[in-house]
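Whatever order the structure lists ligands and atoms in, that order sets their numbers, starting from 1.
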Amino acid sequence: MNSAPSATAAPPSDVAGLISALGRGLPDGRLVVDPDVLAAISHDDAEWAPVGRAVAGVRARSEAEVRHVVRTCAEFGAPVVPRGAGTGLSGGANATDGCVVLDLSRMNQVLDIDPDNMTCVVQPGVVNNDLKAAVAERGLWYPPDPASAPWSTIGGNVATNAGGLCCLKYGVTRDYVLGLRVVAGAVPAAAGYGDPAPGAGVGYGDVVRLGRRTNKGVAGLDLTGLLVGAEGTLGVVTEVTLRLRPALAGTPRTVVGAFGGLVAAGEAVSLITRRGLSPSVLELLDRACLTAVEEWKHLGLEADAAALLLARVDTPGDSGAAEADALAAAMTEAGALWAAQSSDDAEAEALFDARRLAYPALERLGPVLTEDVCVPRAVVPVMLARIEEIAARRGVTIATIAHAGDGNLHPLLITPPGDDAARLAAQAAFTEFLDAAIELGGTVSGEHGIGLLKRDGMRRELDPGALAMQEAVRRALDPLGIFNPGKG
Ligand SMILES: Cc1cc2nc3c(=O)[nH]c(=O)nc-3n(C[C@H](O)[C@H](O)[C@H](O)COP(=O)(O)OP(=O)(O)OC[C@H]3O[C@@H](n4cnc5c(N)ncnc54)[C@H](O)[C@@H]3O)c2cc1C
């Protein structure tokens, strides 16, 4: 079985020629060669993921410019590293040596909102919250809500198949992507599989339209689904057609449970799942997160419990009230110190703000290495216990947030700035977390993607046959290996 890594482009030999050819096909202001600006767009938010040296950046404003960049990079054999907002937590948007960083954040137009069919068409650089606001004006809702929604782009969300808080009930990015336009690699005209009229071949820089606008559709293989979560390794997304939902009516109910420990909170998550309760959100945050946010933002939070579970119920009327009661009861039965429906909307909102702000609040304390394992929901308490044991044995400081209802846990490993021994201990704990998740039947990444940080973990997790198929797809769609090589 051949599971050799993909062909990846070496740095181009004619850098001056590449830069000059890029510049010839682009309007003024697009090409970036200033070393400081280039450095600023050469990495994402992942701590300690290696960053290579880009030879140029391009701030594209149109699909035609993206096509020019891809065609030129193919000609000169230069890697192309697509980039949205750079909020990724796996190094997916980090520069590789000799690459051109292709910044899509200025392709940020909402092209169409179709309320009759509940769809929209957007450029990849539209920021998630901006899209939410635009469709809300038409009575519609785009549910996927990564905690980075104020900054991260739809293109980045698509490329990482981003999850979020309400994805527990409403699904992840993939569930909303109907179609894509992609600037692709080279694919010869297909022949030999019994199709008398094979499609025309595709060359580097050509645009391929994938998917559909309809609610259902099964014509052809699901190439749209293949591109979602591909982390920019199969082409550059230049347009996205998304499914929308009607805006939610009414104010959701918030249920809060306080626990004496992480494991008890995990037990409540398992019980809620077992009982078939369906909150729209079920998040966990521990005392370290609450304290960090309070010291930064002064929201009036009291960090008196070791861990909180925050649940939201958006079912209206009496059924919603009954669901909220059932959630509080399950939390109490699982050992909560107290569990109650919040009667104070401002306080409930402050708790969700704390959940969203936990990562930047902790980053103020020192470098933060973010974990993203996801385990079957019945073993959430076991995994939380393993995380605590590993961190204690390695002497690593952690704070934990989690999309707990999905079994997606984010222990954040915090190290004092410049402390190499602490960094090494954190990296060792990180690896052990991955192994524990795999052992419990989970996955090394629930939503942040493989990027550079999880490549070994992914190889330990996936079936060797699946790895070989994955590499075969990459070779077929990007024979030069120029699309974000070495990632995913
Ligand atoms: C505070 C904070 C909270 C977060 N919370 C969540 C969360 O709740 N859920 C979650 O899933 N993630 C979360 N993240 C991680 C991150 O925000 C997501 O992975 C997000 O989808 C990245 O979007 P971006 O625009 O920043 O993409 P980038 O980081 O710029 O890129 C991410 C990947 O997508 C590729 N890419 C970007 N644009 C394109 C394109 N147009 N075509 C092809 N490939 C492309 C890049 O090459 C890279 O591999 C969080 C991050 C932070 C900092």
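Between the side chains of Asn108 and Asp130, no donor-acceptor pair is found at a separation under 3.5 Å.
Judged by distance alone, the side chain of Asn408 and the main-chain N or O of His403 form no donor-acceptor pair under 3.5 Å.
Not a single heavy atom of Gly488 sits closer than 4.0 Å to an atom of ligand 1. For His448, the heavy-atom gap to ligand 1 drops under 4.0 angstrom. Residue contacts with ligand 1 leave out Val81, since none of its heavy atoms falls under 4.0 Å from the ligand.
With a 4.0 Å cut-off on non-hydrogen atoms, Leu104 touches ligand 1 through its side chain and not its backbone.
For the pair Pro146 and ligand 1, the shortest N or O to N or O distance does not fall below 3.5 Å. Where the criterion is an N or O separation shorter than 3.5 Å, residue side chain and backbone included, Ala159 fails it with respect to ligand 1. Annotation: Leu89 places no N or O atom under 3.5 Å from an N or O atom of ligand 1; distance criterion only. On a distance-only criterion, Asp145 and ligand 1 share no N/O pair closer than 3.5 Å. Of the polar atoms of Ser148, at least one N or O is found under 3.5 Å from an N or O of ligand 1, judged by distance alone.
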Requested in this report: Given side chain to side chain donor-acceptor pair (under 3.5 Å), test Asn484 with Lys487 step by step and report yes or no.
Outcome: CA-CA 6 Å; Asn484 214 3; Lys487 313 287 179 55; 2.6 Å; yes
Using a 3.5 Å cut-off and no angle test, enumerate the donor-acceptor pairs between side-chain atoms of residues 76-92 and protein atoms at least two apart in sequence or in another chain.
| residue | atom | partner | partner atom | Å |
| --- | --- | --- | --- | --- |
| Arg83 | NH1 | Ile41 | O | 3.3 |
| Arg83 | NH1 | His43 | O | 2.9 |
| Ser90 | OG | His448 | O | 3.4 |

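The salt bridge (Lys or Arg N to Asp or Glu O under 4.0 Å) analysis of residues 159-183, with sequence neighbours excluded, yields the pairs Glu63-Arg181, Lys169-Asp314.
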